[in-house]
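The structure under discussion appears below in the form of structure tokens.
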Amino acid sequence: MDSSCSNDFDVIVIGGGVMGSSTAYQTAKRGHKTLLLEQFDFLHHRGSSHGESRTMRATYKKDFYTKMAVESSKLWREAESEVGYSVYTGTDHLNMGPAGSASLKAVIASCEKNSFPYQILDHGQFANKFSGRLSIPEDWIAVYTELGGVIKPTKAVSMFQALAFQKGAVLRDNMEVKEIRRDEVKGGIVVCTTRGDKFWCRKCVVTAGAWTRKLVRSIAGLELPIQPVDITVCYWKIKEGHEEKYAIGGDFPTFSSYGDVHVYGTPSLEFPGLIKIILDHGCQCDPDRRQWRPELDLDSLKEWIKGRFQGLVDGCAPVSMQSCMYSMTPDEDYVIDFLGGEFREDVVIGGGFSGHGFKMAPVVGKILADLALTGHADGVELEHFRIGRFEENPK
């Protein structure tokens, strides 16, 4: 390829959120001429890669995610050491729920299969460990692991972009892609923006988040079942004088609770005196026509807080609420695959991360780079993420 042509690239990555930025870092790091395109400003708040915190954990009901999370935690540290600052604060992690919970049983089975160290706490052991801070009903148990933590999302995306730039990647924002097509003359892929820019590449990676479904439909006529969902992130006030009990840097863990409702949260970090506790539920939305106002019934979450935090967290109402998007697939598994059809293996898709993708960004970026550059990704069970699974099982 003639490297003197400024609009010709080895790889073009479409979407400058955490997955695209991580992918651009990986391809540039390996010496490939890389272009990262983002439809809005870099580090914008309209998608899924912004905000104050994301949870790190390796306890999954599906065992293949545990292996990915362990690798991802190492890759976070590698990227941090390259850039010279931290985006990920480690903590322990806690899963709790009724002793007979199918979700908890699956988490334990996943830990066993992956030889991932864990500890089961019964009601008494839990009370000893979290006395005066957190409680569970008598018929509940908890699964305790050492791999947890909090990632700062906007800072993390910025880190990958800075590293990609250091390695020679070209970063361009406010570049909405309207067309991706084959170059019938010299092969490869042509990417066109709504502003009239045209870029050529050998390989293209699409990481468009909540816009993936729309973009893939327009370029390939393929309907991917990736549904954007608006999630309400809630921060709750810790009672005065008790802030240190829940602060990051102590021994309070990131946590996830299975029961009548699925709740998760992080130690107090981004807003001192406030703790993030979220109901894992949202409303379907169009990413271009969002309401920007929470429509969530918080009664079940308020009850959960009152039952768990022994009056030390004010569960009457959240102090602050933010809107964020998930991109949900029907089985809540990712989409990591070649687009296929006329594009064959020249266009790779990464999407549908279903609210549990951010922590995996370093490993997902590595996989997407592998697929684009070599056509395969070793050591990863990609059959779970194939596009074809939706046709094979319409449910």
Side-chain angles (χ1 to χ4, degrees), residues 5-29 32-52 54 79 82-83 85 87 151-181 189-201 203-216 218-219 226 228 286-290 292 322-325 327 347-351 353 357-358 361-362 364-365 368-369 372:
C5 180
S6 62
N7 280 7
D8 285 9
F9 293 88
D10 295 320
V11 181
I12 296 177
V13 181
I14 298 169
V18 74
M19 298 306 184
S21 301
S22 172
T23 304
Y25 154 63
Q26 283 285 341
T27 57
K29 182 182 181 177
H32 296 272
K33 192 179 176 191
T34 299
L35 172 65
L36 176 64
L37 297 176
E38 165 56 48
Q39 65 173 327
F40 305 120
D41 285 320
F42 283 132
L43 309 181
H44 66 84
H45 282 225
R46 293 177 62 171
S48 308
S49 289
H50 64 89
E52 316 306 329
R54 295 289 186 281
E82 279 186 53
V83 83
Y85 53 78
V87 300
I151 303 161
K152 293 185 173 178
T154 305
K155 190 179 180 186
V157 177
S158 175
M159 175 187 74
F160 284 127
Q161 290 175 0
L163 287 170
F165 182 74
Q166 277 179 22
K167 314 285 182 197
V170 177
L171 280 61
R172 304 280 297 275
D173 63 358
N174 292 297
M175 301 284 267
E176 183 184 356
V177 170
K178 69 169 183 179
E179 186 184 9
I180 303 172
R181 56 179 164 81
I189 299 293
V190 177
V191 175
C192 305
T193 73
T194 52
R195 297 186 349 179
D197 308 273
K198 272 189 186 177
F199 304 99
W200 182 91
C201 61
K203 303 287 181 176
C204 178
V205 181
V206 175
T207 52
W211 288 266
T212 300
R213 184 177 193 159
K214 288 184 175 185
L215 185 57
V216 169
S218 71
I219 64 172
I226 297 177
D286 179 332
D288 295 309
R289 293 180 177 81
R290 282 165 75 186
W292 298 106
Q322 299 171 351
S323 179
C324 191
M325 275 192 296
S327 297
V347 176
V348 182
I349 303 290
F353 292 100
F358 199 99
V364 169
L368 292 170

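All heavy atoms count here, side chains included; hydrogens, waters and symmetry mates do not.
- Using modelled atom types, no side-chain atom of Glu38 and backbone atom of Gly20 make a donor-acceptor pair closer than 3.5 Å.
- From Ser49, atom OG reaches atom NE2 of His44 across 7.5 Å, with rounding to the nearest 0.5 Å.
- Residue Ser327 holds its OG atom at 11.0 Å from CZ of Arg213, rounded to the nearest 0.5 Å.
- Taking each heavy atom of Ala24 and Thr27 in turn, the nearest pair found is O-OG1, 3.2 Å.
- Applying the side chain to side chain contact (heavy atoms under 4.5 Å, CB included) test to Asp197 and every residue at least two apart in sequence or in another chain returns Arg172, Met175, Thr193, Arg195, Phe199.
- When the side chain to side chain donor-acceptor pair (under 3.5 Å) test is applied to Ser323, the partners found at least two apart in sequence or on another chain are Asp230, Arg290.
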Tell me, with the steps shown, if Leu36 and Phe42 meet side-chain contact (heavy atoms from CB on, under 4.5 Å).
-> CA-CA 10 Å; Leu36 176 64; Phe42 283 132; 4.2 Å; yes

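- Tyr85 OH to Lys152 NZ: the interatomic distance, rounded to the nearest 0.5 Å, is 11.5 Å.
- Side-chain atoms of Ser158 and Leu43, non-hydrogen and from C-beta on, do get closer than 4.5 Å to each other.
- At least one side-chain heavy atom of Glu82 sits under 4.5 Å from a side-chain heavy atom of Lys29.
- Scanning all heavy atoms of the two residues, the minimum distance from Leu215 to Ala208 falls at CD2-CB, 4.3 Å.
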side-chain contact (heavy atoms from CB on, under 4.5 Å) assessment of Phe9 paired with Val170 = CA-CA 10 Å; Phe9 293 88; Val170 177; 3.8 Å; yes

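- Applying the side chain to side chain donor-acceptor pair (under 3.5 Å) criterion to Ser22, with sequence neighbours excluded, gives no partner residue.
- In this structure, the separation between OG1 on Thr212 and CD1 on Ile226 is 5.0 Å, given to the nearest 0.5 Å.
- Checking side-chain atoms of Ser21 against main-chain N and O of Val18 turns up no donor-acceptor pair under 3.5 Å.
- Across all non-hydrogen atoms, the minimal contact from Gln161 to Gly16 is NE2-O, 3.1 Å.
- Within the 3.5 Å criterion, the main-chain N or O of Asp173 finds no donor-acceptor partner in the side chain of Asp41.
- Nearest heavy-atom pair, Ala28 versus Ala164, reported as atom, atom and distance to 0.1 Å: CB-O, 3.9 Å.
- With sequence neighbours excluded, the residues satisfying side chain to side chain donor-acceptor pair (under 3.5 Å) with Lys214 are Asp286, Asp288.
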Please step through side-chain contact (heavy atoms from CB on, under 4.5 Å) for the pair Val177 and Ile219, ending with a clear verdict.
-> CA-CA 10 Å; Val177 170; Ile219 64 172; 5.9 Å; no

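- Distance NZ/Lys178 to OG1/Thr194: 7.5 Å, rounded to 0.5 Å.
- Looking only at distances, a side-chain donor or acceptor of Ser48 sits under 3.5 Å from a matching main-chain atom of Met325.
- The ring pair (Phe, Tyr, Trp, His ring centres under 6.0 Å) search around His50 returns His45, not counting sequence neighbours.
- Annotation: side chain to side chain contact (heavy atoms under 4.5 Å, CB included) contacts of Gln39 (sequence neighbours excluded): Glu176, Trp211.
- Closest non-hydrogen pair, Ile12 versus Cys201, comes out as CG1-CB, 3.5 Å.
- Residue Trp292 holds its CH2 atom at 7.0 Å from CZ of Arg46, rounded to the nearest 0.5 Å.
- Summarising the geometry of Ile14 relative to Cys204, their closest heavy-atom pair is CD1-SG, 3.6 Å, with the distance given to 0.1 Å.
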